[in-house]
Amino acid sequence: MSTAPSPRVIALDGPSGSGKSTVARGVARALGWRYVDTGATYRAATLAVLRSGADLRDADAVAAIVRRAVIELSVDPDAAGISLDGEDVSTQIRGPEVTGAVSAVSAVPDVRRQLVELQRALIGPGAVVEGRDIGTVVAPDAPVKIFLDATPDVRASRRAGDRDAGVPRAGAAGDVLEAVAADLARRDRLDSSRAASPLQSAVDAVHLDSSALDADQVIERVLDLAREVGLAPAS
Ligand code: DC
């Protein structure tokens, strides 16, 4: 009797600032796999909605706009990026307007159905997929599921560090950190409490706290888990 082969997928879920993107990219690079940033697809969908001027509370209008949007995600861990209707929007989707509206758009069940379909199609022959519902909804058969977390303070300072690296900011560093912490707490609350596939750990996920670890240590831990199930060659 033959059994279906396990999908070559590593599911990486967790809240903002837990280190998912750096870890997912690093693991994908090490394995020569694809990197699927599902948060970027929700962000591009949100940008489409904002550009349309639609009311964010009108779920039918929001879903219709997302259905018309052409969202193309690069799955190359060394060249992550995303386009909307043919335009590279990789920078714009990280701006405050999109960040402020993305939880509302990603709470619409029909938007989630559309984007989950897109995300699954991107997995291909092997992928590290990061998001909020990967182990529970997008790839429930993934042989390795990680729920990555870190303390709120560590997550806020990581996100504030991201801003230093690219996005213009105003005010003193302490104000920025406080504002980032408040925004993370707001998004975590919305993302965890929505009815449609909220941020939650799969029952079979391995919990990793990255607060006291650097990215390379977390990447190594994930690769160890992949080796244990035969997804990665022994080191
Ligand atoms: O990972 P990120 O911060 O770029 O994600 C942006 C938002 O998208 C986040 O606030 C919640 C939503 N999201 C989601 O609902 N499900 C996913 N699989 C990924 C992201």
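Note that ligands are numbered from 1 as they come in the structure, with each ligand's atoms numbered from 1 the same way.
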Quiz item: Tell me, which pairs form a ring pair (Phe, Tyr, Trp, His ring centres under 6.0 Å) where one or both residues lie in residues 105-153, sequence neighbours left out?
Solution: Phe147-His207
Quiz item: Listed by chain and number, what are the salt bridge (Lys or Arg N to Asp or Glu O under 4.0 Å) partners of Glu72, not counting sequence neighbours?
Solution: none
Practice problem: For the residue pair Asp88 and Ser90, confirm or rule out a side-chain donor-acceptor distance under 3.5 Å. | Solution: yes
Quiz prompt | side-chain contact (heavy atoms from CB on, under 4.5 Å) involving Ala182 - partner list, sequence neighbours excluded | solution = none
Quiz item: Is it true that the side chains of Arg112 and Gln119 contain a donor and an acceptor less than 3.5 Å apart?
Solution: no
Quiz item: For ligand 1, what are the residues with a heavy-atom contact below 4.0 Å?
Solution: Ser16, Thr38, Gly39, Tyr42, Arg43, Arg94, Val102, Ser103, Ser106, Arg112, Gly131, Arg132, Asp133, Arg159, Arg187, Asp191, Arg194
Quiz item: Is a side-chain N or O of Arg227 found less than 3.5 angstrom from the main chain of Ala232, in a donor-acceptor match?
Solution: no
